[in-house]
Amino acid sequence: MITMIRQKYSNEIGSADYGTEVTVAGWIEDVRKLGSVAFIILRDRAGTLQVTALKKEMPIEQFKEFTSATRESVVSVRGIVQQSAQARNGYEILPKEVKVLNLAAAPLPLGVVDKVEADMDTRLDNRFIDLRKPNVQAIFKIRSAVIQAGREYFAQNKFIEVHTPKIISASSEGGTALFKVKYFENDAYLAQSPQLYKQMMMATGLDRVFEIAWYFRAEEHNTRRHLNESTAFDIEMAFINDETDVMNTLEGLVHYIWKYVAENCQTELKTLGKEVKVPTLPFARVSYDDALKLLAERGRNIEWGGDIGTEDEKLLGDIMKENGQDFYFITRYPLAAKPFYAHPEGDKARAFDLEYCGMELSSGAQRVHDPKLLEERIAAKGLNPKDFEAYLKAFKYGMPPHGGFGLGIERILMEMLGQDNIRECILFPRDRTRISP
RNA sequence: GCCCUGGUAGUGUAGUGGCCUAUCAUCCGGCCCUGUCGAGGCCGGGACUCGGGUUCAAAUCCCGACCGGGGCGCCA
């Protein structure tokens with residue numbers, strides 16, 4: 001029985017295979033017919049290869065079926081690998097048997113190798129075809145590597161991977177708008193973050209946890225850097241002195257990820273035409289107060305306590321870049337600007353954001369671990385401590401000092417790979433108007 | 001939530017009152033071709049988002065709907 005299942009990807013065939021028989025499979029990217037010879041470009045996830053079909057060397061019916069198959073049809077080819085100076089890979093396949101496994105309809109709603117660009121909307125409507133493009137695939141191969149790197153880093157640093165509920169009962173932390181869902185006879189919400197749960201984990205003795213978390217946020221933003229469904233490395237760690245322990249963990253993670261991608265994703269980076277510069281540690285630390293001073297020097301005066309808006313955030317990014325700092329922390333924000341769980345330090349919070357060239361990648365803090373203070377902070381934010389009973393309970397029977405952060409995965413990819421739209425970095429983006437596919 | 005902006009073949013575009021029987025490319029179909037690789041040659045195909053209105057005349061101007069793109073706020 002001769003297999004028609006792929007034995008090798010296009011990049012796994014080399015000089016050792018010359019003269020031998022191999023079965024390859026994939027999508028027909030292009031057919032170049034020259035009468036009694038035809039060159040079929042077959043694409044698999046590793047790249048492309050050329051099948052050279054000679055009319056006189058094949059049953060005529062098979063030759064016809066093969067060379068008239070529509071672009072993007074799925075075929076498998078059993079044939080002899082032959083060295084060829086003319087073929088791009090240095091070899092070509094001379095088919096002995098060809099199976100058209102699935103004929104693609106024509107015309108395609110989106111060309112894979114067409115010489116015209118397609119709008120993002122068209123691409124997303126046909127994402128499964130869009131993802132056949134090597135440069136689009138490269139982003140998701142790198143995404144996989146980023147997550148792999150994160151898991152390795154967390155394992156090395158004694159973090160335990162957890163999964164917290166995504167259906168929650170009530171407004172968790174305030175701030176962002178939540179998606180409401182029906183939960184039998186009650187209303188429930190999709191979690192905006194694992195915040196309260198990962199903190200509760202600190203009372204379990206598991207000490208250090210991380211989650212590859214989903215964030216669901218019902219904000220009606222319409223920008224190139226926001227999604228209504230996004231992912232993040234979300235961590236919490238106990239027995240810390242203050243937020244600098246968390247920052248050290250975060251910059252270590254970022255460094256590890258950048259290094260991992262630089263070392264393991266050369267092929268994909270080349271496909272994208274991008275280079276990843278591994279940052280040096282430690283990252284710069286700029287206090288909120290100093291950030292305001294830096295901005296004031298450039299004529300941007302922000303009242304103390306005020307937000308650093310998008311424009312100013314970018315300007316600060318430029319200033320830091322001039323000093324050779326792509327990555328930097330903004331630390332010690334005004335307390336009022338941070339959520340109730342951020343640990344106070346006078347009128348400031350032991351909280352930080354990690355920025356990359358003016359784009360927020362992460363925010364974190366030391367958390368309040370004293371139940372009395374926590375109740376005060378909840379009340380001070382205009383929230384009702386009664387709504388947080390299950391959460392507060394976890395603080396009353398032995399809660400160590402702790403802190404953590406959330407680091408957006410799409411934001412990482414967007415910045416690392418210089419993508420101008422965050423939708424490039426998630427398979428099926430959810431935004432203000434898109435919920436399908 | 002506020003603001004700006006767009007909708008022309010499968011895809012991407014040109015066209016901003018009459019010269020539009022709508023441009024170009026790509027794409028699709030047919031035929032020719034034994035070394036293509038942005039293949040080439042010949043022939044053919046396909047579109048003005050929808051509904052009102054203004055006008056002698058609307059792809060073009062106005063109103064509405066629907067569907068997009070983006071900025072701000074907020075954040076990851």
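Chain letters run A, B, ... following the sequence lines, proteins first and then strands; every chain starts at 1. Everything numeric here is computed off the predicted structure, so don't read it as measured data.
Of the listed nucleotides (B/G35, B/C72, B/G69), B/G35 has the atom at the smallest distance from the side chain of A/Leu34. Between B/G68, B/G35, B/U13, one nucleotide has an atom nearer to the side chain of A/Asp119 than all others, and that is B/U13. Considering only side-chain atoms of A/Thr223, the nucleotide from B/C75, B/U11, B/G71 that sits closest is B/G71. Proximity note for A/Glu219 (side chain, C-beta onward) versus B/A25, B/U34, B/C74: the nearest is B/C74. For A/Lys56, counting side-chain heavy atoms from C-beta on, the closest listed nucleotide (B/C33, B/U34, B/C75) is B/U34. Distances were taken from every side-chain heavy atom of A/Ala106 (C-beta onward) to each of B/C72, B/C28, B/U13; the shortest belongs to B/C28. Nearest nucleotide to the A/Ser230 side chain, out of B/C33, B/U34, B/A76: B/A76.
Using a 4.0 Å heavy-atom distance criterion, A/Tyr215 is classed as a sugar-phosphate-only contact.
Between A/Phe329 and A/Phe283, the ring planes lie tilted relative to each other; the angle falls in the 30° to 60° range. Using bins of under 30°, 30° to 60° and over 60° for the plane-to-plane angle, the ring pair A/Tyr91/A/Tyr18 lands in the tilted bin.
Residue A/Ile41 is the one, among A/Gly408 and A/Ile41, whose nearest nucleotide of RNA chain B lies closer to the 5' end (criterion: closest heavy atom).
Under a 3.5 Å cut-off, the side chain of A/Tyr328 and the backbone N or O of A/Gly358 do form a donor-acceptor pair.
At a cut-off of 3.5 angstrom, the base of B/A76 holds at least one donor-acceptor pair with the side chain of A/Arg217.
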